Undergrad: 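Dropping a structure here in structure tokens format, bear with me for questions.
Owing to the predicted nature of the structure, the values given are computational and were not obtained by experimental measurement. Just so it is clear, the values below take in all heavy atoms, side chains as well, and ignore hydrogens, waters and symmetry mates.
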Amino acid sequence: MKKNKLYKGLLGIMAAGIFASCSGDYLQVDPVTDLGTSVIAQDVAGAQVALNGLCRAMYDGYSVGSNQNVGETYINTVFNDSYGPDYFGNLTSQYFSATNFNWGAMNNTNTWYTQVLWMYPYNLINQANLIIESVGDGTAGTQAAKDFVVAQALTIRAHAYIKLLQYYAPRWQDSKNGATYVCVIRETSNTDNVALSTMSQVLDLIYKDLDRAISLYNEAQGETRRFKWAPDKSVALGLYARAALIKNDWATAQKMAHDARQGYRLRNATELFEGFVEPSDDDMWCSTNDPNSTVGYWSWGVHFACNGRYTQTWGLGTGSISMDLYRKLDTNDIRRNWFFTPDKIDKAVSYEPSLAEIGLTENDFWSPRYVVPSSMRMNGNGLLLAAYYSMYQNDVVNTSADKTDWYMPYLDTSDGIAICPTFFGAQYKFWGKGGYSACSYPYMRSSEMVLAEAEAACMAGDETTARSCLTELNSLRIPGYTCDLSGDALLEEIRVTRRIELWGEGHNWSDFKRWNLPMVRRAWVEGDPSSGNAPAPYAVEIAPSEKDGWRWGLSRTESDYNPEVKPEMFLQ
């Protein structure tokens with residue numbers, strides 16, 4: 001078996017190719033610089049270097065076959081948001097076939113889709129295991145420093161197992177009280193053959209890891225993280241809340257979500273429109289936004305920021321909101337201003353003439369004169385679209401942010417006039433800066449935690465707390481907001497708020513799976529303003545019972561080379 005190694009410094013972890021010839025090779029990493037277990041065990045400084053590399057693995061590039069993705073950000077966007085009902089992935093829908101975009105790849109264990117979802121969390125797990133098992137009494141450094149780095153590794157290992165549960169486990173209520181087999185548990189860095197474990201066993205490990213991590217954080221007095229791309233105690237508490245929601249453990253989820261967000265502040269109305277380029281006090285855990293990052297042209301912002309360079313060069317757009325979700329929002333909800341939707345026609349105040357003066361009406365958004373039905377590209381005249389873009393650049397996106405190195409959205413910056421195709425419902429939530437459109441993608445926000453607390457409280461029957469949490473957030477988004485709802489109406493309000501607040505942040509598909517709700521994309525119909533805004537080939541309804549209860553197929557990178565794994569057990 002090969003020796004496990006880590007990248008040195010911030011060079012990160014690049015898993016190049018996972019089609020291996022022996023069991024566990026997909027867990028192996030070919031290092032740029034040899035930083036073996038002996039170096040990690042020798043001094044806590046070496047362990048911290050290894051931890052930095054582990055964090056970097058969450059936003060570095062992974063080559064899988066002929067495809068490239070960038071860890072957490074791409075998996076969240078491609079497999080969670082794009083596969084969900086609220087976010088139409090303009091780029092991914094053009095990149096994939098309609099069959100695969102409509103979940104055709106989920107049970108095809110030969111494709112890179114299933115392989116990357118298995119490979120990514122197990123690379124995190126294996127690298128975390130190296131740190132956890134290497135740092136000990138013989139490691140030079142203060143006990144507090146050693147406790148802190150082990151706690152961070154345990155936190156990321158728990159995060160990786162949560163990702164595996166989201167994609168490969170059934171819903172808790174369908175799991176036979178956790179007895180369904182879901183994935184392989186690895187608590188050491190060896191790559192021995194290991195049988196599948198049950199959902200309950202994986203959740204037990206997650207709880208155990210997070211309990212130990214929280215205890216070590218408490219003991220590591222004086223130690224703090226330097227960057228928000230690394231985890232800390234608040235992140236461990238937030239992950240505990242996520243795992244407890246998966247398990248329907250409402251009391252634990254409510255407490256952990258409440259404790260996790262202490263010391264953070266929800267994004268205010270101004271910060272909500274600064275493009276998520278810089279971390280705010282709302283961000284608990286996020287990727288780097290360093291424009292000089294070696295991720296370069298594989299950065300998430302290049303492809304998915306509204307002003308990303310490839311967004312302009314390729315003309316494939318970013319993500320678009322479902323009109324069915326948009327219609328559920330309060331008419332005064334400021335989050336509506338994140339999106340290119342028909343109701344914006346008369347709101348361009350810094351450009352003359354206005355869109356309404358040009359002659360566009362809301363019904364024209366259901367006219368093939370302005371919309372290409374097969375893709376939802378807007379193909380109106382340049383003057384109309386330029387007015388709209390100008391509105392968002394100057395009136396909606398907050399002007400207090402430093403935009404000296406921001407490109408205009410959906411425009412060709414060579415002359416600032418030529419129009420790149422944009423899409424019905426296109427987002428203006430995420431922006432990038434610099435040549436590689438760097439931005440701070442949120443892994444976890446206190447806004448998520450207040451909504452997790454609200455949901456758990458509602459499910460546990462504590463409607464007073466649920467309403468209080470909902471009001472705490474929505475009063476910053478909807479002027480004069482109050483909530484006196486109860487029962488199913490309160491739960492629906494919490495869910496809709498979560499769907500819009502966390503739109504595009506990698507929660508949509510897994511939330512609908514947890515909620516046992518169907519995935520519905522409704523087609524755009526010419527002349528029908530009550531129809532949806534999905535191109536007809538991508539309009540689909542998938543019931544909660546389909547696709548093995550929304551479980552991805554067991555990757556053959558494990559089952560083909562690990563004889564202890566029995567695919568028939570996974571399907572029981």
Side-chain angles (χ1 to χ4, degrees), residues 77-78 80-98 101-103 304 306 311 315-331 333 335-347 355 360-381 384-385 388-389 391-392 396 409-410 419-430 496 499-505 508-509 511-512 517-542:
T77 301
V78 173
N80 216 309
D81 283 323
S82 291
Y83 271 42
D86 295 337
Y87 177 110
F88 185 76
N90 307 114
L91 173 61
T92 47
S93 68
Q94 301 296 309
Y95 207 47
F96 303 157
S97 68
F101 191 80
N102 292 341
W103 302 14
F304 296 105
C306 70
T311 302
L316 294 177
T318 59
S320 299
I321 191 172
S322 161
M323 282 301 295
D324 287 329
L325 170 59
Y326 190 83
R327 292 182 181 110
K328 290 179 178 289
L329 305 181
D330 188 291
T331 56
D333 194 325
R335 291 167 293 202
R336 294 165 71 99
N337 288 324
W338 277 334
F339 306 103
F340 179 10
T341 50
D343 57 316
K344 307 301 193 316
I345 286 173
D346 60 352
K347 296 183 180 178
L355 301 186
L360 189 71
T361 69
E362 291 194 25
N363 286 347
D364 287 326
F365 277 71
W366 281 269
S367 166
R369 178 184 176 191
Y370 294 104
V371 180
V372 178
S374 62
S375 65
M376 291 295 100
R377 289 188 182 188
M378 304 296 293
N379 63 338
N381 64 70
L384 178 152
L385 293 179
Y388 184 84
Y389 300 143
M391 175 190 77
Y392 265 86
V396 175
Y410 306 115
I419 305 297
C420 293
T422 192
F423 294 76
F424 190 148
Q427 64 91 7
Y428 288 81
K429 178 178 179 179
F430 299 105
V496 169
R499 289 163 65 185
I500 186 59
E501 179 69 24
L502 303 181
W503 186 94
E505 298 179 36
N508 196 222
W509 182 87
D511 279 346
F512 269 74
L517 295 175
M519 198 287 284
V520 180
R521 292 194 211 109
R522 292 199 308 132
W524 180 92
V525 178
E526 180 180 349
D528 182 3
S530 67
S531 65
N533 62 320
Y538 305 101
V540 66
E541 179 170 352
I542 302 174

Undergrad: Heavy atoms, side chains only, cut-off 4.5 Å: are T92 and Y83 in contact?
TA: no
Undergrad: The criterion is salt bridge (Lys or Arg N to Asp or Glu O under 4.0 Å); which residues satisfy it with D511, sequence neighbours excluded?
TA: R498, R514
Undergrad: Between G89 and S82, what is the shortest heavy-atom contact and its length?
TA: CA-OG, 3.7 Å
Undergrad: What distance separates S320 OG from F339 CZ, expressed to the nearest 0.5 Å?
TA: 9.0 Å
Undergrad: Out of D343, T341, I500, which residue meets the side chain to side chain contact (heavy atoms under 4.5 Å, CB included) rule with R336?
TA: D343
Undergrad: Output yes when a side-chain donor or acceptor of D81 lies under 3.5 Å from a complementary backbone atom of Y87, and no otherwise.
TA: no
Undergrad: First locate atom CG of N508, then atom CG of N80, and finally report the distance between them rounded to the nearest 0.5 Å.
TA: 7.0 Å
Undergrad: So, taking the atom named OG1 in T77 and the one named CD in E505, what distance separates them when rounded to the nearest 0.5 Å?
TA: 10.0 Å
Undergrad: Check whether N90 reaches the backbone of R377 with its side chain - one donor and one acceptor, N or O, closer than 3.5 Å.
TA: no
Undergrad: Sequence neighbours left out, what pairs pass side-chain hydrogen bond (donor to acceptor under 3.5 Å, both in side chains) with at least one residue falling in residues 530-540?
TA: W366-S531, D528-S530
Undergrad: Once you round to the nearest 0.5 Å, how far does CZ of F88 lie from CZ of R521?
TA: 6.5 Å
Undergrad: Taking K429 for its side chain and W503 for its backbone only, find out whether a donor-acceptor pair lies under 3.5 Å.
TA: yes
Undergrad: Taking all non-hydrogen atoms of both residues into account, name the closest pair between S322 and P85 and its distance.
TA: CB-O, 3.4 Å
Undergrad: How close do P342 and E362 get, counting heavy atoms only, and between which atoms?
TA: O-CG, 3.3 Å
Undergrad: Mind checking salt bridge (Lys or Arg N to Asp or Glu O under 4.0 Å) for R335 and listing every partner two or more places apart, or none if nothing turns up?
TA: D333, E501
Undergrad: Looking at every non-hydrogen atom in both residues, tell me the closest pair between N102 and P537 and how far apart they are.
TA: ND2-O, 3.1 Å
Undergrad: Counting C-beta onward and ignoring hydrogens, is there a side-chain heavy-atom pair between P368 and E526 closer than 4.5 Å?
TA: yes
Undergrad: Does any non-hydrogen side-chain atom of W524 lie less than 4.5 Å from one of M376?
TA: yes
Undergrad: Going by the ring-ring contact (aromatic ring centres under 6.0 Å, His included) test, name the single residue among F423, F340, Y370 that passes it with F365.
TA: F340
Undergrad: Does the gap between the ring centers of F430 and F304 come in under 6.0 Å?
TA: no
Undergrad: Give, for atom CE of M519 and atom CG of D86, the distance between the pair rounded to the nearest 0.5 Å.
TA: 10.0 Å
Undergrad: Does the side chain of P535 come within less than 4.5 Å of F424's, by heavy atoms?
TA: no
